[in-house]
Amino acid sequence: MMFKKVAIAAATVAAGMGALMASPAAMAQEQFVPLLVYRTGQFAPLGIPWADGKQDYLKLINAKGGINGVKIKFEECETAYDTAKGVECYERLKGKDGGASGFDTQSTGITFAVTDKAVGDKIPVVTPGYGLSQSADGKVFEWNFPLLGNYWTAADSIIQDILKKEKGNLKGKKITLVYHDSPYGKEPIPLLQKRAAKDGFELTLLPVTAPGVEQKSTWLQIRQNRPDYVLLWSAGVMTPTAVREAQATGYPREKMYAIWWGGSDHDVKDIGAGAKGYNTVTIHNTAERDKVHDEVKAQVYDKNQGTAKDVKELGQLAHTRGMMISMLQVEAIRTAQEKFGKGKVMSPEQVRWGLENLNLTQARLNELGFGKIIRPFKTSCDNHLGADWARIATWDGAKFTVTSDWYQSDKTLIDPLVKEYADKYAKEKNVKVRTCTP
């Protein structure tokens with residue numbers, strides 16, 4: 001009888017220990033994705049729908065059972081587009097729940113600040129459409145992924161559209177860049193300088209002090225210089241301020257081109273017809289509506305789990321871009337699982353491998369509901385951008401409509417620029433350049 005009691009007690013202890021040992025494994029079935037956001041501050045009008053889109057797509061994935069059964073755990077950290085706050089968020093979240101899958105910093109300044117840290121921490125920095133343009137070179141920037149396009153490819157696509165309007169000749173033309181006086185706003189300058197030298201136009205640079213609500217002196221200079229085109233590298237409150245100043249000074253909105261972060265519905269909807277003709281470059285085709293929007297509505301918003309206050313935000317450019325960014329992170333995790341184990345939580349290093357080995361075919365994009373929004377692309381050891389494609393969308397007074405065919409940046413300009421700046425970075429930071437084998 002005593003033996004029986006001991007056996008039962010031992011079995012009870014073993015069962016209890018088994019439960020304790022199983023608990024971390026159960027917890028580990030969630031993949032942690034940190035979400036750096038700016039729902040407050042100067043860029044909040046852009047940051048809110050962008051952050052909503054990122055969350056909504058992750059909620060959709062969880063509603064569909066996760067990534068091969070692995071649910072996503074996410075946590076927002078408010079940066080207010082402040083670099084110091086962004087670094088604090090990075091430090092606080094990088095090691096949470098087994099390690100961050102990667103950081104979409106949502107800020108070029110924060111990207112600059114955490115790029116060096118990410119190398120030592122072995123955590124991917126994912127910056128679709130922004131960040132350091134030279135980080136397309138995976139040989140130097142092993143942990144950075146500026147997927148789908150950067151500020152150099154965007155600027156080049158804009159110039160191509162202007163060239164088309166001017167029948168291939170920009171000699172003697174004047175182009176002015178009005179830019180947010182920050183690392184973000186300065187990014188397109190090297191490419192535009194190369195383009196000016198090649199195409200023969202006069203480039204004028206007009207910085208605007210953050211947050212960008214005071215631009216009267218800027219637009220006085222534009223009225224005096226009368227440039228043929230104005231490129232706007234803005235976001236948040238700076239964008240509608242620029243459009244209203246253009247309206248007040250009589251500068252044609254159809255001669256204005258914004259970077260994708262300065263071209264969202266919320267930027268111009270309150271101006272309405274006064275912004276008619278205003279152009280924006282899109283990263284791939286984010287002005288399009290596709291199956292993913294219907295799925296998010298049915299599986300998230302119809303179940304009262306949507307992040308945005310109004311379901312009408314679905315389909316707006318900034319929200320779609322947020323969903324696109326989350327989709328890229330999810331597919332990187334899924335790609336990593338194909339190599340390291342389906343249904344398992346991936347480490348940050350394994351997710352990095354997934355980001356470097358993405359292969360989103362047209363069939364896969366169609367399946368994901370992004371077939372009309374993104375063109376097929378692959379990443380590799382030396383190519384951390386994938387493929388840059390862009391279209392021009394124009395505000396018709398009520399909505400943005402696509403008004404151009406597809407553009408892809410001029411590789412004869414972009415590739416040497418990427419190499420020049422990547423090599424310079426490697427030398428300054430003493431980075432060991434990787435060898436990529438085919």
Side-chain angles (χ1 to χ4, degrees), residues 21-35 54 57-75 90 93-105 114-115 117-128 135-148 324-361 363-365 367-368 370 374 376-387 432 434-438:
M21 292 174 68
S23 180
M27 290 174 61
Q29 287 310 302
E30 289 185 321
Q31 184 85 44
F32 179 57
V33 178
L35 301 177
K54 293 198 303 188
Y57 188 77
L58 297 180
K59 288 177 180 178
L60 173 65
I61 294 300
N62 281 345
K64 295 168 78 171
I67 309 169
N68 294 315
V70 177
K71 293 290 186 77
I72 299 166
K73 180 180 180 181
F74 56 85
E75 179 180 333
Y90 171 87
L93 297 177
K94 67 182 182 182
K96 190 167 184 176
D97 295 323
S101 299
F103 281 89
D104 157 39
T105 64
V114 304
T115 289
K117 294 175 177 289
V119 176
D121 295 331
K122 297 187 181 303
I123 294 176
V125 179
V126 187
T127 58
S135 64
D137 187 345
K139 295 190 298 296
V140 175
F141 295 90
E142 184 177 359
W143 295 91
N144 289 64
F145 293 87
L147 301 169
L148 303 183
M324 178 183 71
I325 288 171
S326 283
M327 181 275 286
L328 293 170
Q329 290 181 290
V330 167
E331 290 308 298
I333 295 166
R334 196 187 308 276
T335 300
Q337 284 188 7
E338 292 292 332
K339 179 176 176 65
F340 301 106
K342 278 188 178 182
K344 294 183 179 179
V345 173
M346 295 292 101
S347 70
E349 291 182 76
Q350 289 170 334
V351 176
R352 193 214 70 81
W353 185 92
L355 286 161
E356 194 169 89
N357 290 274
L358 284 170
N359 181 16
L360 290 180
T361 63
R364 180 58 182 156
L365 289 168
E367 185 181 358
L368 292 169
F370 283 86
I374 299 174
F377 76 96
K378 294 174 67 173
T379 54
S380 64
C381 171
D382 60 348
N383 177 11
H384 279 195
L385 184 144
K432 184 178 180 180
R434 294 195 295 165
T435 300
C436 293
T437 54

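Residue numbers start at 1 and run along the sequence shown. This one's a predicted model, so the numbers in the text were calculated from it and none came from an experiment.
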Who pairs with [X] by side-chain hydrogen bond (donor to acceptor under 3.5 Å, both in side chains), at least two apart in sequence or on another chain?
| X | result |
| --- | --- |
| Asp104 | Lys54, Tyr130 |
| Asn359 | none |
| Thr115 | Asn144 |
| Ser380 | Asp382 |

Suppose we screen for side-chain contact (heavy atoms from CB on, under 4.5 Å). Which residues come up paired with [X], at least two apart in sequence or across chains?
| X | result |
| --- | --- |
| Glu331 | Met327, Arg334, Leu358, Leu360, Arg364, Leu368 |
| Lys96 | Phe32, Glu75, Leu93 |
| Lys64 | Leu60, Glu295, Gln299 |
| Lys117 | Val87, Tyr90, Glu91, Asp121 |

Taking the side chain as C-beta and beyond, is there a heavy-atom pair between [X] and [Y] under 4.5 Å?
| X | Y | result |
| --- | --- | --- |
| Trp143 | Glu349 | yes |
| Ile333 | Ile72 | no |
| Val345 | Asp97 | no |
| Thr379 | Leu355 | no |
| Leu328 | Phe377 | yes |

Does [X] reach the main-chain N or O of [Y] with its side chain, forming a donor-acceptor pair under 3.5 Å?
| X | Y | value |
| --- | --- | --- |
| Arg434 | Cys381 | yes |
| Ser135 | Phe141 | no |
| Gln337 | Gly343 | yes |
| Gln31 | Met346 | yes |

Quick one: closest heavy-atom pair of Ile325 and Pro128, and the distance?
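Reported closest heavy-atom pair: CG1-CG, 3.7 Å.
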How far apart are the closest heavy atoms of Phe103 and Pro34, and which atoms are they?
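It is CE2-CG, 3.6 Å.
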Tell me every residue that passes salt bridge (charged side-chain N to carboxylate O under 4.0 Å, His left out) with Lys342, counting only those two or more places apart in sequence or in another chain.
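Checked Lys342 against salt bridge (charged side-chain N to carboxylate O under 4.0 Å, His left out); matches are Glu338.
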